[in-house]
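Written below as structure tokens is the structure these notes are about.
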Amino acid sequence: MNWTLPKNREPRGNPMVAAILTWLLPGAGHLYLGLPVVGLLGFLVVQGVYFLGLQLSGGMLFEYLEPDLRGPGSSLLSPEIGNLGALIYHIKQYGYGPGWPRPWPPMMELGAWLTAASGMLNICLMVRAHGDARSPKEGSSELPGLARLVLLAWALPGLGHWLQGRKARALVWFGLLVGMLVLGSALAEGSNLSRERHFFYWAGQFLSGLPNLGLQLVFGSARVTAEQAYADAGLDLGCLAGLLNVLAMIDVYTHGETRALERDSAAATGNAGAAGNAASASSTGATHSSSGGA
Amino acid sequence: MDSIVHVMLFALAAFAIVFASATFHEPEDGPLWKSLPKRYGWFCFWMVLISVVMVIAEHTVASVH
């Protein structure tokens with residue numbers, strides 16, 4: 001309990017506990033914070049996306065890995081790590097397959113993208129739970145809304161900055177990151193976009209959001225029929241674009257957090273000032289009435 | 001031709017890294033744009049220095065021959 005805050009400005013709960021609970025089970029952090037509706041909605045969306053992906057891919061995602069790479073460590077390096085509970089269920093239920101190659105289901109690539117997207121959605125739900133935990137029990141705060149900005153910053157590089165009004169930065173982020181992803185895909189002739197071929201590099205590229213999905217759906221199934229001179233360079237550029245988008249998302253979050261805390265602080269000061277004025281007015285009124293009575 | 005392509009790809013990737021770094025150091029746009037050329041120059045200088053050290057090491061202490 002923070003003794004320096006008025007009771008209505010106390011935070012809802014411990015932000016780390018809320019975030020870790022959400023990591024383990026989507027929505028659990030919001031249940032802990034006493035926000036069951038947000039928790040239930042978050043659970044349905046995040047787990048729904050994961051299980052849709054699981055159905056479309058037949059649970060065969062980790063059969064993409066070469067046999068010598070199959071192990072707990074390698075699956076932890078996939079974007080699905082953002083939804084830890086579902087990832088553990090996935091590995092326990094489906095594992096690494098029967099041990100011999102099998103044909104992929106028709107919607108395998110989309111299914112593998114959806115399970116990864118569920119991990120990213122749950123990270124945003126963790127950001128939301130962290131913000132909700134720091135928000136006052138009564139009154140409003142802009143902290144929970146940062147999760148939406150982070151999600152949009154992932155979905156389209158630069159969009160988070162644009163919505164914050166930092167339009168010049170937004171355009172540079174968009175041009176650089178999407179440009180690097182497109183250039184990298186052109187150099188690698190689309191071979192970088194296959195999760196089956198580049199399981200770990202794909203995880204980096206996935207962080208570029210929807211432009212990566214669009215490129216993958218259009219060019220991701222291209223066959224490699226000849227030697228590609230710049231395939232490695234293209235793969236590196238695409239992966240770097242995604243990894244740098246994480247920095248862009250962190251920049252959006254920290255900028256928004258600073259502004260939100262300033263506004264929250266101003267609101268708390270305003271409330272304290274208003275409460276002080278009210279107390280002073282009531283004591284003045286009491287004095288007047290007591291003098292009147294005398 | 002191959003070297004030129006690789007240098008240009010390095011220049012692009014380096015600019016993206018430097019821009020990402022600068023956004024964390026400069027919250028305001030004006031100082032951010034002004035600081036970019038200097039940051040970019042220093043980044044390239046250190047990368048070239050590291051490359052030279054690696055090339056020398058590959059031909060001396062780290063040589064397999």
Side-chain angles (χ1 to χ4, degrees), chain A residues 153 157-158 160-162 164-188 192 204-205 207-208 227-259 262, chain B:
Chain A
H161 289 85
W162 184 273
Q164 285 179 327
R166 299 189 290 166
K167 295 187 175 172
R169 287 179 194 228
L171 291 174
V172 177
W173 273 118
F174 177 81
L176 272 177
L177 300 189
V178 177
M180 282 167 63
L181 183 66
V182 170
L183 178 62
S185 302
L187 288 171
N192 60 316
Q205 290 174 151
L207 297 168
S208 300
E227 189 178 341
Q228 297 167 334
Y230 296 108
D232 289 347
L235 190 62
D236 287 345
L237 268 188
C239 190
L240 180 63
L243 295 176
L244 287 177
N245 197 33
V246 176
L247 294 183
M249 290 158 68
I250 292 171
D251 186 41
V252 165
Y253 179 82
T254 51
H255 180 84
E257 183 190 39
T258 308
R259 298 290 176 275
E262 282 170 3
Chain B
M1 181 62 189
D2 192 52
S3 304
I4 294 171
V5 171
H6 277 95
V7 166
M8 287 175 69
L9 291 175
F10 167 79
L12 175 63
F15 182 74
I17 292 168
V18 168
F19 177 74
S21 162
T23 55
F24 283 92
H25 286 93
E26 305 290 355
E28 300 300 326
D29 278 353
L32 170 71
W33 307 129
K34 278 183 189 166
S35 73
L36 273 180
K38 193 175 171 186
R39 289 175 185 277
Y40 191 53
W42 275 112
F43 185 84
C44 289
F45 169 76
W46 284 110
M47 288 301 107
V48 168
L49 195 65
I50 290 170
S51 305
V52 169
V53 170
M54 286 175 70
V55 169
I56 292 171
E58 278 180 1
H59 286 84
T60 54
V61 292
S63 172
V64 292
H65 299 296

Euclidean distance, Met180(A) CE relative to Phe15(B) CZ, rounded to 0.5 Å: 11.0 Å
Heavy-atom proximity to chain B below 4.5 Å, by part of Ala248(A): neither
Engaged part of Leu177(A) at the chain B interface, taking heavy atoms whose separation is under 4.5 Å: neither
CD1 (Ile4(B)) with more than 12 external heavy atoms under 6.0 Å: no
Chain A-proximal positions within residues 19-29 of chain B [heavy-atom distance under 4.5 Å]: Phe19(B), Ala20(B), Thr23(B), Phe24(B), Glu26(B), Pro27(B), Glu28(B), Asp29(B)
Portion of Leu243(A) that has a non-hydrogen atom of chain B nearer than 4.5 angstrom: neither
Other residues, nucleotides, ligands: >12 heavy atoms within 6.0 Å of Trp33(B) CH2: yes
Flag side-chain contact, heavy atom, 4.5 Å: Leu9(B) against Asp236(A): no
Heavy-atom neighbours of Met54(B) CE exceed 12 at 6.0 Å: no
Least distance between heavy atoms, His6(B) atom then Tyr230(A) atom: CE1-CE2, 3.6 Å
Part of Leu247(A) lying under 4.5 Å from any heavy atom of chain B: both
